[in-house]
Amino acid sequence: MAVLNRVTDWLKGLSLIKKLMLFSGVTLAIASIMLVVVLIQSPSYQTLYSNLSDEDAGAIVQKLKDERTPYKVEGNAIKVPEEKVHDLRLQLASQGLPQGGGVGFELFDKTDLSTTDFVQKLNYRRALQGELARTIKALPEIEQCRVHLAVPEKSVFVRTAEKPKASVFVKLKSNKRLSKGQVDGIVHLVANSIEGLDPKDVTVVDSKGELLTSVADETIGMTNSQIERQQMIERDFENRITTMFEPVIGKNKVRAKVAVTLNLSKIEKTEEKYDPDGQVIRSEQRNIEKSATGTTGGAPGVTSNIPGKITPQSTSLKGQTDNKNEVINYEITKTTSHYISGPGEIKRLSAAILVDGIYTTQQDTKEVKYSPRTEEEIKQFEEMAKMAIGFTSDRGDDIKVVNMPFESQPIEDVAPPTEKEIIPIAIEIAKYILPILAIMLFFIFVVRPLLRVVTTPKLPEKPALPDIMKAEIEAGKKKQLPSKTPRELVIEWAKNNPQEAANLIKGWISER
């Protein structure tokens with residue numbers, strides 16, 4: 001009871017302004033706590049489906065109404081309580097929703113015998129368009145898709161029938177693009193789904209009205225794949241130059257453009273080269289034949305017939321032959337080369353590189369001064385670029401580095417978020433901030449003053465300042481002291497009674 005009485009006395013002693021401030025703080029704290037409780041207890045909504053067609057959105061909303069499921073429609077998104085998202089997706093999928101921008105072959109689930117042949121053909125075309133759109137929409141880059149088929153009626157009385165045609169409209173997701181291979185895949189998918197449809201008669205258009213399909217230019221003789229390869233090579237060379245120059249010059253201070261000429265023909269060549277200096281004996285054959293026929297006897301006449309006389313012998317060489325045959329076979333060194341050059345080989349390469357100069361700020365005028373690059377720096381840049389792209393003078397490559405000042409681009413203003421984007425974010429932030437704010441306000445305006453009242457000891461009652469001043473003045477008069485001002489008397493009293501003066505000041509502070 002003592003504590004309650006002290007709190008009551010404290011409240012009675014407050015001024016009107018302090019009472020209003022205390023009441024406002026308590027009210028604000030209670031309101032914040034109630035708001036936090038309501039936000040916490042209210043279900044958190046999460047996106048069930050977004051970017052739906054009008055037909056799918058209407059069908060899903062009707063199903064949610066039939067099931068009495070709470071939902072919200074924000075922009076192009078349908079939101080439901082977070083704990084029901086997965087169950088609802090499974091439930092709607094079992095019912096064929098969403099259909100993906102059009103009806104499919106489920107259109108024939110319910111047959112009617114009264115349906116005419118014309119309606120049946122029309123429904124088949126609608127179902128085929130819907131199925132193709134669903135299949136194409138499965139690509140991760142595509143947000144929406146629609147397919148239009150123009151299939152002429154067959155007739156036995158027409159010799160030359162018109163060919164069917166098809167158009168495909170795709171809406172791409174933000175910052176997404178389709179490659180040439182993906183576009184060709186869409187074209188062949190549609191062409192193979194329609195009897196007699198030529199891929200050349202399939203047109204693919206995006207939401208910007210840009211034609212994604214293109215026929216090869218016969219004057220150039222390049223197909224889409226070859227054009228894409230050429231552009232890929234050019235971008236690769238440009239990135240090489242940019243990544244090499246930016247650490248030296250600075251970011252966004254270099255621009256490079258590379259033009260590549262590709263050899264589109266396939267060349268197959270065989271060469272045989274003989275080296276006359278590289279002779280090697282492969283085989284050698286030698287045949288030597290010698291023969292000699294003759295007689296031995298003395299000299300003819302009387303001398304050779306005298307007894308006891310030795311005469312020199314003579315030899316006859318008639319019939320002697322000497323044949324020598326030599327055959328040497330040499331092998332000459334031969335080199336055989338077989339070259340196959342496929343299409344896509346770089347025939348010629350040219351590059352134009354634009355580099356920025358040097359900017360210095362003048363200390364006295366604070367103006368920015370532009371200084372061009374020196375000739376030595378330009379030559380160094382050319383050598384760097386040649387090394388980066390594999391410059392070859394034999395094939396006629398050309399490279400040029402130009403130094404020019406870049407025009408400063410103004411900073412684009414970032415669009416502020418819309419109200420629809422701010423409200424959900426603010427609600428999520430408020431769920432975490434409001435409880436802390438409510439607790440702080442409740443502590444500042446309620447708990448803290450009550451604690452101060454309870455813990456502060458009750459001060460003894462002291463006479464008011466006017467009474468003290470009067471008592472000191474009267475005492476001074478009785479003592480016949482020289483007259484003093486009230487301020488001097490209070491100062492003298494405080495010097496003589498320091499403890500009482502301190503208690504008096506504490507009392508004043510507690511009253512405030």
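Numbers here are sequence positions counted from 1.
Heavy-atom minimum distance, Leu149 versus Gln129: N-OE1, 3.0 Å. Of all heavy-atom pairs spanning Leu132 and Ser193, the tightest one is CD2-OG, 3.4 Å. Thr69 and Lys84 make their closest contact through CG2-CD, 4.2 Å (heavy atoms, listed as atom of the first residue, atom of the second, distance). Across all their heavy atoms, Pro152 and Pro164 have their closest contact at CD-CA, 3.7 Å. Here the closest non-hydrogen pair linking Pro199 and Val187 is O-CG1, 3.4 Å. The two residues Ile378 and Arg373 have their closest heavy-atom pair at CD1-CB, 4.0 Å.
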Val202 vs Thr213, test: side chain to side chain contact (heavy atoms under 4.5 Å, CB included). Steps then yes/no. CA-CA 8 Å; Val202 179; Thr213 53; 5.9 Å; no
Take Val168 and Cys145, measure what side chain to side chain contact (heavy atoms under 4.5 Å, CB included) needs, and give me the verdict at the end. CA-CA 7 Å; Val168 181; Cys145 176; 4.0 Å; yes
For Gln144 and Phe169, run side chain to side chain contact (heavy atoms under 4.5 Å, CB included): C-alpha distance rounded to whole Å, both residues' side-chain angles, the deciding distance at 0.1 Å, then the answer. CA-CA 8 Å; Gln144 292 182 6; Phe169 172 82; 5.8 Å; no
With side chain to side chain contact (heavy atoms under 4.5 Å, CB included) as the criterion, how do Tyr124 and Val151 come out once you've worked through the C-alpha distance, each side chain's angles and the decisive distance to 0.1 Å? CA-CA 11 Å; Tyr124 174 76; Val151 182; over 6 Å; no
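For the atom pair CD1 (Ile399) and CE (Met384), the distance works out to 10.5 Å, reported to the nearest 0.5 Å. Taking CD1 of Ile358 as the reference point, atom OG1 of Thr374 lies at 7.5 Å (rounded to 0.5 Å). To the nearest 0.5 Å, atoms NZ (Lys72) and CG (Leu64) are separated by 14.0 Å. The distance from atom NZ of Lys137 to atom CZ of Arg134, rounded to the nearest 0.5 Å, is 10.0 Å. Annotation: the span from Ile78 atom CD1 to Leu48 atom CG amounts to 6.5 Å, rounded to 0.5 Å. Rounding to the nearest 0.5 Å gives a distance of 10.5 Å between CD of Gln182 and CG of Leu212.
For Lys165, the NZ atom sits in a loose shell: 12 or fewer heavy atoms of surrounding residues, nucleotides or ligands are nearer than 6.0 Å. More than 12 heavy atoms of other residues, nucleotides or ligands sit less than 6.0 Å from atom NE2 of His148.
Using a 4.5 Å cut-off on side-chain heavy atoms (C-beta onward), Ile186 and Leu139 make contact. By the 4.5 Å heavy-atom criterion applied to side chains, Arg235 and Gln231 are counted as neighbours. In this structure the side chain of Ile60 never reaches within 4.5 angstrom of the side chain of Leu88, judged on heavy atoms. At least one side-chain heavy atom of Ile194 sits under 4.5 Å from a side-chain heavy atom of Leu128. Looking at heavy atoms from C-beta onward, Arg395 lies in side-chain contact with Ile346 at the 4.5 angstrom threshold. Residues Gln91 and Glu67 have side chains in contact (heavy-atom distance under 4.5 Å, counting atoms from C-beta outward).
With hydrogens and angles ignored, the 3.5 Å screen pairs no side-chain donor or acceptor of Asp398 with any backbone N or O of Ser350. Of the possible polar contacts, none joining the Asp206 side chain to the Val170 backbone as a donor-acceptor pair under 3.5 Å is found. Not one N or O on the side chain of Lys176 forms a donor-acceptor pair closer than 3.5 Å with the backbone of Ile142. With hydrogens and angles ignored, the 3.5 Å screen pairs no side-chain donor or acceptor of Asp236 with any backbone N or O of Met232.
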Please list, one pair per line, the donor and acceptor atoms closer than 3.5 Å that link side chains of residues 243-262 to other protein atoms, with sequence neighbours excluded.
from, atom 1, to, atom 2, distance (Å)
Thr243, OG1, Asn239, O, 2.7
Thr243, OG1, Arg240, O, 3.1

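Counting only residues at least two apart or on different chains, no salt bridge (charged side-chain N to carboxylate O under 4.0 Å, His left out) pair has a member in residues 347-356.
By the ring-ring contact (aromatic ring centres under 6.0 Å, His included) test, Phe391 is found to be paired with no residue, residues two or more places apart in sequence or in another chain being considered.
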